[in-house]
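A quick write-up on the structure given underneath.
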Amino acid sequence: MAQGPSQPPVVGSRWVLAREQFDTLLDSFRDHGYEVLGPTVRDGAIVYGRIEEVHDLPVGWTDRQEAGSYRLERRDDPALFGYNVGPHSWKKYLFPSRERLFTARREGPSFRVSTEPTEEGPKAYLGVRACEIAAIRIQDRVFTGGPEVDPGYAGRRTRALVVAAQCTQAASSCFCVSMGTGPEVEDGFDLVLTELVGEGPHRFVIEVGTPAGASVLAGVPLVPASPVDLAKVSERLQRTRHAMGRSLEANGIRELLLGRLDHEEWEKVGARCVACTNCTMVCPTCFCHSTEEVPDLAGSRVERWRRWDSCFNLAFSELHGGSVRTSVPSRYRQWMVHKLATWYDQFGSSGCVGCGRCIAWCPVGIDITEEAERVRLPSAPTSRGGRP
Ligand code: SF4
Ligand code: SF4
């Protein structure tokens, strides 16, 4: 029978789990009532789904990403977390793409409204990256930081156990160092794992972030992390920090963009953009949504649904009488200026965490870091008097 550490794990303590015991950790999540969600290979990508056992993880796979390009490749080792980020982010669970908000049923001359139950069971999010913790923190502010709290989001967030995985490599589309969101997971986690593979036994250094994380480790076979293990963690993180594929000069970007709303680049990038909305769908911080009422044919019951929407859709900016942003250049500019500039005014931070998803999943290879550099260069005003 598996033996746990001789002392109960405490917050801040660091332990080593052998790869052969990883299923024991997964069992412990389930024993504590958590459904485990994490990375898995499906349809040629690493996406998030239900994890039952270690072989559901992307064992021995990595991702190669470039502007407009994402593909999986075999690694030369059996790493479980040897990839960066795929098209999914944790907003898939915290802010689902489609969600019923309430149902109204006719009762005599009026309607009775019943809100949706928020009693889903607890989930363990396995493999959360540093930039994704930063994105969750941003969405926390969006959905729970104002006077109106979104009950569905708040309930799911409260019941989530964040099991982070340090990035021990960077993709060519990554720029979290520029945005100050990675690669180190420094806070916002219940447990954080660093995978050590290729030197010595395959193992995981685990740091405890909260009492909830500590209680899951009780009974899991661990040994205290040695100074050598901890030095290897630091060395891997340092290596990742220096392997960023891209960078973005974030200092002064708000003022730069707001001062260049008439830059010729908006027309140029808008001519390439096909307004497919991919960048907003894969972005872990984008939260735009629409609501719609779905009545039954008898008129006795109506449901209100929320679904992801995008500022790249023509109808998204529709006010009475028509859309405010009719051209694609104006919609691209709106997205990028909001993300990198006016987000500061609205939520007190950048809306970009440097994950690179919008770069890899743009079908025409538009790269937000390149666009920021192009807008930095002076240009002539657009032919439409400065408003694309
Ligand atoms: S804007 Fe792009 S790089 Fe920034 S967080 Fe969104 S998807 Fe990631
Ligand atoms: S920037 Fe790229 S991903 Fe975003 S809407 Fe335009 S074409 Fe689609």
Side-chain angles (χ1 to χ4, degrees), residues 45 63 65-70 84-92 95 128-139 141-142 167 170-183 244-250 253-254 257 265-288 308-317 325 327-344 346-347 349-375 388:
D63 47 9
Q65 307 195 40
E66 257 305 335
S69 160
Y70 171 100
N84 293 285
V85 290
H88 285 177
S89 68
W90 299 99
K91 80 175 181 183
K92 164 185 158 85
F95 166 44
V128 185
R129 302 302 194 183
C131 64
E132 297 187 301
I133 290 178
I136 291 171
R137 198 172 276 132
I138 287 172
Q139 289 215 323
R141 283 199 289 277
V142 171
C167 287
S172 82
S173 46
C174 290
F175 57 103
C176 62
V177 168
S178 299
M179 305 315 291
T181 58
M244 290 288 117
R246 279 170 165 74
S247 64
L248 188 150
E249 181 49 67
I253 189 80
R254 176 185 173 280
L257 291 176
E265 183 57 23
W266 303 122
E267 292 286 355
K268 288 183 179 169
V269 68
R272 294 170 62 206
C273 172
V274 295
C276 67
T277 79
N278 265 17
C279 49
T280 53
M281 298 293 113
V282 297
C283 179
T285 68
C286 278
F287 60 87
C288 287
W308 289 359
D309 204 339
S310 170
C311 53
F312 282 91
N313 286 329
L314 178 63
F316 191 71
S317 67
R325 288 183 284 274
S327 72
V328 174
S330 72
R331 281 179 253 150
Y332 185 87
R333 185 186 64 178
Q334 156 64 25
W335 175 71
M336 190 167 136
V337 171
H338 184 215
K339 192 81 21 194
L340 296 177
T342 52
W343 205 291
Y344 284 98
Q346 203 176 1
F347 300 112
S349 74
S350 175
C352 175
V353 297
C355 71
R357 286 180 175 92
C358 58
I359 300 171
W361 293 93
C362 174
V364 296
I366 293 173
D367 176 342
I368 189 172
T369 64
E370 274 181 19
E371 292 309 316
E373 279 312 298
R374 287 181 184 149
V375 174

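Atoms within each ligand, like the ligands themselves, are counted from 1 in listed order. The chain is numbered in sequence order, starting from 1.
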Strictly by modelled atom types, are Ser330 and Ser327 linked by a side-chain donor-acceptor pair under 3.5 Å? yes

With heavy atoms and a 4.0 Å threshold, my read on which part of Thr280 contacts ligand 2 is neither

min-distance protein heavy atom vs atom 2 (Fe) of ligand 2 -> Cys362 SG, 2.3 Å

re atom 7 (S) of ligand 2, the protein heavy-atom contact at minimum distance is Val274 N, 3.3 Å

Here the atoms of ligand 1 under 4.0 Å from any heavy atom belonging to Phe175 are 3 (S)

Just by distance, do the side chain of Gln346 and the backbone of His338 share a donor-acceptor pair under 3.5 Å? no

Less than 3.5 Å apart, any donor N or O on the side chain of Ser310 or Thr280 sitting next to an acceptor on the other? yes

For Glu249, the salt bridge (Lys or Arg N to Asp or Glu O under 4.0 Å) test, sequence neighbours excluded, returns none

The answer for which part of Trp335 has a heavy atom under 4.0 Å from ligand 1 is side chain

Shortest non-hydrogen pair, Ala275 vs Val328, comes out as CB-CG2, 4.2 Å

Check: Do Met244 and Cys174 have side-chain heavy atoms sitting under 4.5 Å apart?
Finding: yes

Protein-side N, O or S atoms sitting under 2.8 Å from atom 8 (Fe) of ligand 1 are Cys355 SG

for atom 8 (Fe) of ligand 2, nearest protein heavy atom and its distance come out as Cys276 SG, 2.3 Å

Fill in: Donor-acceptor pair, side chain of Ser317 and main chain of Arg325, under 3.5 angstrom
yes

Quick look: Lys339 vs ligand 1, heavy-atom contacts under 4.0 Å, and the answer is side chain

Residues at least two apart in sequence or cross-chain that pass salt bridge (Lys or Arg N to Asp or Glu O under 4.0 Å) with Arg272, listed by chain then number, are Glu371

Quick note on ligand 2: atoms under 4.0 Å from a heavy atom of Asn278 include exactly 3 (S)

task: Examine distances only and state if a side-chain atom of Trp266 and a backbone atom of Gln334 form a donor-acceptor pair shorter than 3.5 Å.
output: no

Counting only N and O atoms by type, is there a donor-acceptor contact under 3.5 Å from the side chain of Ser172 to the main-chain atoms of Gln65?
yes

Ligand 2 atoms nearer than 4.0 angstrom to some heavy atom of Cys273 are 1 (S), 5 (S), 6 (Fe), 7 (S)

For atom 4 (Fe) of ligand 2, the closest protein heavy atom turns out to be Cys279 SG, 2.3 Å

Under 3.5 Å, which donor-acceptor pairs link side chains of residues 128-139 to any protein atom two or more places apart or in another chain?
residue, atom, partner, partner atom, Å
Arg129, NE, Asn84, O, 3.3
Arg129, NH1, Ala165, O, 3.1
Arg129, NH1, Gln166, O, 3.2
Arg129, NH2, Phe81, O, 3.1
Arg129, NH2, Tyr83, O, 2.6
Glu132, OE1, Tyr48, OH, 3.0
Glu132, OE1, Trp90, NE1, 3.0
Glu132, OE1, Arg129, N, 3.0
Glu132, OE2, Tyr48, OH, 2.8
Glu132, OE2, Arg357, NH2, 2.6
Arg137, NH2, Asp187, OD1, 2.9
Gln139, NE2, Thr285, O, 3.3
Gln139, NE2, Cys286, O, 3.3

